[in-house]
Amino acid sequence: MKFAADKMLGRLTKWLRVIGQDVAYGPHLSGYGLIRAARREGRLILTRDRALATKNPPEYLLIESDRFREQLKQVVRACRLGPLKEAFTRCVECNSLLEPIAGGAVKEKVPPYVLSTQKKFSLCPTCRRIYWPATHQQKMLEELRNLGLESPGI
Ligand SMILES: [Zn+2]
């Protein structure tokens, strides 16, 4: 399942990427730009824009809440996204799939403390951001847990 989120849904986009979902997002994605991108790439539109319905859009999901927690719950339920086994597989900034990378290869790019305490690193092949399962992932898991979205095995 692939999504195209309108520009009002930045926080939702980030969280969908955290749980591994493919979400196109950017300033060009609103109104007809959003519709064109969704058609071209076969993406389900996520929007807060009720007027979109008048523009003959492909399939879309009207996001009801303006709070990201409610939004995330709505999408997970509507699209049956669980279990969350794909969490932390995608770059939250640019949507690319992450690649595992050895600690030795990131030596120059992460703080020494991180290098000595973490074993698993991932690299975004597009924006070169490096990820590791430290405290920020713990906090995100906690957040997902609080939403009732946790699955065993992550
Ligand atoms: Zn990236």
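For the single chain, residues carry numbers from 1 onward in sequence order. Order of listing sets the numbers, starting from 1, for every ligand and every atom in it.
Both tests do not hold together for K7 against Y25: distance to the six-membered ring centre under 6.0 Å, angle to the ring axis within 45°.
By the salt bridge (Lys or Arg N to Asp or Glu O under 4.0 Å) test, D22 is found to be paired with R43, residues two or more places apart in sequence or in another chain being considered. In this structure K73 satisfies the side chain to side chain contact (heavy atoms under 4.5 Å, CB included) test together with E70, R77, L147, sequence neighbours excluded. With sequence neighbours excluded, the residues satisfying salt bridge (Lys or Arg N to Asp or Glu O under 4.0 Å) with E143 are R69.
By the neighbour-count criterion of 12 heavy atoms within 6.0 Å, atom CZ of R39 is densely surrounded, having more than that number from other residues, nucleotides or ligands.
Checking T54, I63, D6 one by one against D49, the side chain to side chain contact (heavy atoms under 4.5 Å, CB included) holds for a single residue, D6.
Around the Zn ion (ligand 1), the protein N, O or S atoms found under 2.8 Å comprise C91 SG, C94 SG, C124 SG, C127 SG.
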